[in-house]
Each structure stands twice: as structure tokens, then as C-alpha cells.
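The structure under discussion appears below in the form of C-alpha cells.
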Amino acid sequence: MAMIEILQRISDTIWEIPVSYKQGMRVPARIYGTEKIIQELDEAVYDQVTNVATLPGITKYALCMPDGHFGYGFPIGGVAAMDVEQGGVISPGGIGFDINCGMRLVVTNLTYDEVKPHIKKLVDRLYERVPAGVGSTGFVKLSRHEFRKVVEEGAQWCIRNGYGWEEDLQLIEENGCIAGADSAKISEKAIDRGVNQIGTLGSGNHYLEIQIARPENIFDRELAKSLGITIPNQVVVMFHCGSRGFGHQVATDYLQIFLKVMESKYGIKILDRELACAPFHSPEGQAYFAAMKCGINMSFANRQVILHRIREVFSEILKKSPEDLDMHMVYDVAHNTAKLERHIVDGKERSLLVHRKGATRAFAPGMEDLPKQYKNIGQPIIIGGSMETGSYLLVGVNSGEQTFFSTAHGSGRTMSRAKARKIYRGDKLQKEMESRGIYVRSTSYSGLAEEAGGAYKNIDDVIEAAELAGISKRVVKLTPIGNIKG
DNA sequence: ATGTCC
């Protein structure tokens with residue numbers, strides 16, 4: 001029997017695997033996607049999402065967003081809400097190695113015509129001022145002691161030290177500083193790896209992109225206006241990065257700790273070592289939660305310093321102040337995280353640890369934690385597509401309740417990095433993209449080949465599936481004209 | 001994703 005026949009079709013875009021599929025499943029698994037997306041889905045995702053469904057405390061469903069694909073333990077695109085009052089666990093594999101990896105979007109008052117003559121200079125200068133690539137180090141020189149403050153204070157440390165505007169903070173989840181980050185829970189090795197990485201982009205699918213909001217790509221003019229997209233062919237800057245080697249080391253440290261205590265101390269048996277976890281209310285679980293929050297703050301600080309550099313570069317090349325260029329933030333939202341949230345499940349409000357691993361929080365209008373200017377329209381959602389095809393700005397909707405208010409985070413890969421390297425050539429791709437009006441700079445041609453648009457699902461399909469399923473609403477598609485890739 | 005294996 002083909003694997004796809006195991007799926008029960010709930011709607012055009014929601015597919016369920018019942019608990020009878022695998023011993024130990026506590027809840028059904030649900031995969032989001034159009035029929036086309038489901039047909040092309042790597043069947044290993046079925047195995048991963050149903051493994052997740054066996055974890056203690058999992059509530060309602062183990063979920064996979066329409067951009068889902070195979071990942072470490074959990075699928076990328078995975079959402080799992082654990083009831084922390086019912087023995088719910090915290091699992092690094094449900095958050096990702098790149099803790100609080102996320103997207104930030106900033107607007108300008110410039111049009112494509114105004115920026116076009118400067119695009120190469122802008123991209124070249126950004127490439128110099130925002131270090132990218134494996135092992136890159138930043139311009140912010142910190143002592144280990146000061147770096148510990150950064151990971152406890154996040155973007156708030158940056159604003160105090162002149163990297164950005166006060167108004168930026170309210171446009172970041174948690175106002176740029178999640179409470180409860182405790183650097184006493186961080187290893188010296190993690191400090192070593194992170195201390196020189198503030199203000200750096202990283203590698204892989206991390207990038208910084210100059211984009212255009214073309215009039216034909218605006219799906220809702222009123223909402224677009226509320227989000228700062230107000231002029232035809234407006235230039236915006238989007239970037240994607242996370243907590244670099246710091247977050248990676250935090251995840252590595254706690255995976256080891258969890259593997260030691262999970263079964264012997266807590267009697268938790270799992271189907272895959274990569275799902276290592278600990279009860280949320282255990283010393284180990286709480287220590288990881290506090291350490292993971294340092295990763296969250298490190299990534300907020302990282303993106304804040306990068307934003308500062310972007311404003312500097314635009315100001316230098318366009319010969320106007322960032323204020324005169326109206327370089328306001330739209331929002332900063334993460335897609336590799338676990339947050340303690342209150343959700344209503346079967347009519348009862350419960351305290352859930354919502355793991356989002358390659359999944360974006362998508363709060364509906366009126367929910368708490370939204371900046372006041374977005375309270376009525378819902379949370380801005382920033383979804384980065386491949387560097388060739390474009391990205392999206394969306395908002396959260398009421399029916400997002402079905403996924404604990406979560407949606408997709410990107411296009412989702414359709415082939416491995418190794419396969420992409422065989423099919424595409426970075427130098428050729430760079431030339432082709434330039435001829436199509438996208439000027440791209442990268443630290444590595446092989447890295448560029450891995451990120452070819454053809455190695456990803458069609459972003460329009462993913463976004464459409466999310467909208468049809470009622471987990472987010474399209475506002476504007478943003479298309480690239482310049483890209484800095486790690 | 002990642003000092004792309006201690």
C-alpha cells in the first residue's frame with residue numbers, strides 16, 4: 001500500500017494519520033498541504049510526525065505545516081503543543097539547533113526606480129558590513145561577561161548600546177527580550193562560540209534580501225498599508241538568521257543531558273534518539289528552557305545589530321538618514337522556538353509549551369502580545385521563500401486556533417543539499433539570476449547552488465495551502481532584486 | 001543549521 005493511502009483527508013488542505021498507525025501515538029498527526037504538496041512530500045515525514053505524536057503531554061495533534069520536510073527528530077515545519085500540567089516534555093529536536101532562527105522585515109520610502117541604479121553598490125556594501133558564511137565573526141567586540149548580558153537582555157541590550165531605535169523593540173516578539181533567560185545555564189563552550197557572532201548572518205539558507213512590493217503582488221491593500229507597504233514598487237529589506245554557533249551549542253549541550261536522564265530518571269521511552277526530551281517541570285527541562293531563552297535573546301540581538309548595519313549602509317549609499325528613508329521595522333518573528341502559551345483546547349484554557357520548529361507563530365487579531373498597531377489586524381508573519389522566487393508577508397487569523405496559531409516558515413526543501421549541488425552550479429546560477437534582475441553575492445558557490453529555487457517547493461503553493469487551511473492570510477508577495485547569502 | 005566529525 002502506498003504510504004499516501006494512510007492519510008485520511010480532513011479537508012482540501014488537511015490530512016490526518018490516525019493513532020492506529022503506530023503503537024504509542026497519543027494523538028493523531030495532521031499534515032497541511034494541497035494534494036500536490038502531499039503527493040510530493042517525503043514519506044519520512046509521516047514517520048517523524050507520528051513519532052512526535054508519542055511524546056508525553058502532546059495535545060490535540062502532532063502537526064506539520066505545508067512547507068514541512070524531513071528534519072532532525074521532528075520534521076521541519078513541525079508544531080507540537082505539550083501540556084506542561086500533564087507531564088508535557090520539552091524537546092530540543094522540536095525547536096531546532098538554530099534556536100530562534102527567524103525573519104525580520106524593514107521598509108523604506110524608496111521605490112525600485114530610485115534604488116535600481118544603486119543596487120550593486122548596496123549589495124556589495126551590505127556584503128561587507130553584514131558578515132556572512134560559516135564561522136564568520138561580527139564587528140561588535142564583547143567580553144565574555146558582556147556577552148552573557150547580551151544573551152539575557154536581547155535586543156534591549158542593543159538599543160541601550162546604540163544599535164537601533166527605541167521603537168524597534170515593540171516590533172519584536174517579546175519586545176526583543178524574553179523573560180527568564182539565565183546565562184548561568186549556559187556552558188563556557190557556548191559562550192566561546194557565540195561571543196564574536198553578534199551581527200552575523202551565518203550560512204545555509206540564511207540571507208539578507210532587498211525586495212520590491214510590486215502592485216500586482218498586493219493581495220490586500222488595506223492590510224498592506226497597515227503593515228507599512230504604502231507606495232507602488234516600494235523597496236523593503238528582509239533577512240533570515242538565528243543564534244549561530246551559540247544556539248547550536250546550547251542545543252547540543254542539552255541533547256546530551258536529556259539523553260542521559262530521559263529514560264533512567266524519568267522513564268520516558270522514545271522511538272528516535274533525536275526526539276530526546278525531559279519533562280518541562282524537571283530540573284533538566286527548566287535548565288534547558290532558561291538556556292534556550294538565552295538563544296532566543298542572542299538571535300534577537302543578532303538581528304538587531306544587522307538591522308542597524310542595514311540602516312547605516314542604506315544611509316551611506318542613498319545619502320539620506322535612516323529616519324529620512326523611513327526605515328521602520330515591520331516585525332521580527334521567529335520560527336525555531338518553544339513558548340509557554342495559554343490556549344483553549346476543547347473549551348478549556350490550558351498552559352501549553354508550543355514547539356514551533358520551522359513554523360511561524362501566527363497570532364490572530366485581538367490576541368495578547370501583539371504590538372498595539374497590529375492588535376486589530378493580527379500578527380505580521382514573515383515567510384522567506386527561496387532567493388529566486390520571492391517571499392511573503394501575511395497576517396494571523398482566528399481560525400489559526402487549529403494549529404495553536406502557527407503557520408509555515410518558508411518554501412520547504414524538496415531535495416537534499418547534496419542533490420542540489422549535483423544539479424545546480426553556483427557561478428552559473430549567480431549569472432542567471434543577475435540577468436533576471438537579482439544581484440546576488442555569496443560566500444560560497446556550492447552554498448549558492450544548494451539554495452537554488454528549484455531545490456524548494458513553490459512558495460506560492462505553500463502560502464496558498466496555508467490560506468486555504470485557514471492558518472494565515474496573504475497580504476503581499478515580495479520579490480528579490482538583491483541578495484546576500486551566507 | 002553548525003568552528004559542516006572530538
Side-chain angles (χ1 to χ4, degrees), chain A residues 48 67-78 91-104 130-138 142 144 147 151 186-208 239-256 259 273-276 291-292 294-296 298-300 302-303 306 334-338 355-360 384 386-387 409-413 415-422 426 442-451 455-456 484-486:
Chain A
Q48 291 198 316
D67 55 335
H69 56 107
F70 186 79
Y72 180 91
F74 283 58
I76 294 165
S91 175
I95 293 165
F97 278 86
D98 190 6
I99 295 167
N100 213 54
C101 181
M103 308 293 305
R104 189 177 284 214
V130 184
V134 177
S136 56
T137 54
L142 298 170
R144 300 169 71 86
F147 181 68
V151 305
I186 298 295
S187 69
E188 292 301 326
K189 197 171 175 182
I191 301 290
D192 278 343
R193 290 183 67 175
V195 67
N196 292 319
Q197 294 185 319
I198 294 293
T200 63
L201 205 51
S203 65
N205 65 357
H206 289 163
Y207 64 86
L208 192 172
F239 57 101
H240 174 218
C241 63
S243 51
R244 307 283 282 104
F246 177 75
H248 192 278
Q249 191 60 44
V250 170
T252 304
D253 289 341
Y254 282 90
L255 276 166
Q256 282 175 1
L259 279 169
R273 277 173 59 84
E274 295 182 354
L275 295 176
M292 192 266 293
C294 292
I296 291 179
M298 193 283 187
S299 95
F300 285 149
N302 190 24
R303 292 199 284 274
I306 290 174
H335 48 233
N336 275 13
T337 184
H355 295 72
R356 297 188 180 92
K357 192 254 193 89
T360 312
S386 80
M387 61 187 179
H409 86 302
S411 292
R413 296 196 75 87
M415 66 177 76
S416 68
R417 292 183 174 280
K419 190 174 172 193
R421 280 198 302 272
K422 275 184 196 155
S442 175
T443 58
S444 137
Y445 279 133
S446 64
L448 196 63
E450 291 174 5
E451 294 300 318
Y456 282 89
I484 289 97
K485 246 214 40 57

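So that the names make sense, note that chain A is the first sequence line, chain B the second, and so on, each numbered from 1.
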| Atom CG of A:Leu255 to atom C1' of B:dC5: distance rounded to whole Å? | 16 Å

| message | Rounded to whole Å, please give me the gap between CZ in A:Arg417 and P in B:dT4. | response | 15 Å

| message | Whole angstroms only, please: what is the NZ-P distance between A:Lys189 and B:dC6? | response | 7 Å

| remark: Whole-Å distance, A:Arg421 CZ to B:dT4 P, equals 14 Å

| request: Using atom types as modelled and distance alone, determine if a side-chain donor or acceptor of A:Asn302 lies under 3.5 Å from a backbone N or O of A:Gly199. | output: yes

| query | Looking at residues at least two apart in the chain, or sitting in another chain, which of them share a side chain to side chain contact (heavy atoms under 4.5 Å, CB included) with A:Arg273? | reply | A:Leu259

| task | Using whole Å, report how far OH of A:Tyr72 lies from C1' of B:dT4. | result | 15 Å

| field | Rounded interatomic separation in angstrom, taking CD from A:Gln249 and P from B:dT4 | value | 12 Å

| task | Would you kindly give the CG-to-P distance between A:Asp98 and B:dT2, to the nearest whole Å? | result | 6 Å

| Distance in angstrom units between A:Ile76 CD1 and B:dT2 P, rounded | 13 Å

| What nucleic acid atoms does A:Gly96 come within less than 4.0 Å of, heavy atoms only: base, sugar-phosphate, or nothing? | nothing

| query | So does A:Thr252 get a side-chain nitrogen or oxygen closer than 4.0 Å to the phosphate oxygens (OP1/OP2) of B:dT2? | reply | no

| query | Will you find, in the side chains of A:His409 and A:His240, an N or O donor that is under 3.5 Å from an N or O acceptor? | reply | no

| request: Please tell me if the side chains of A:Met387 and A:Leu448 come closer than 4.5 Å, counting only heavy atoms from C-beta onward. | output: yes

| said: Regarding A:Gln197, tell me which of base, sugar-phosphate or nothing describes its non-hydrogen contacts under 4.0 Å with the strands shown. | reply: sugar-phosphate

| Sugar-phosphate, base or nothing in reach of A:Ser243, heavy atoms under 4.0 Å | nothing

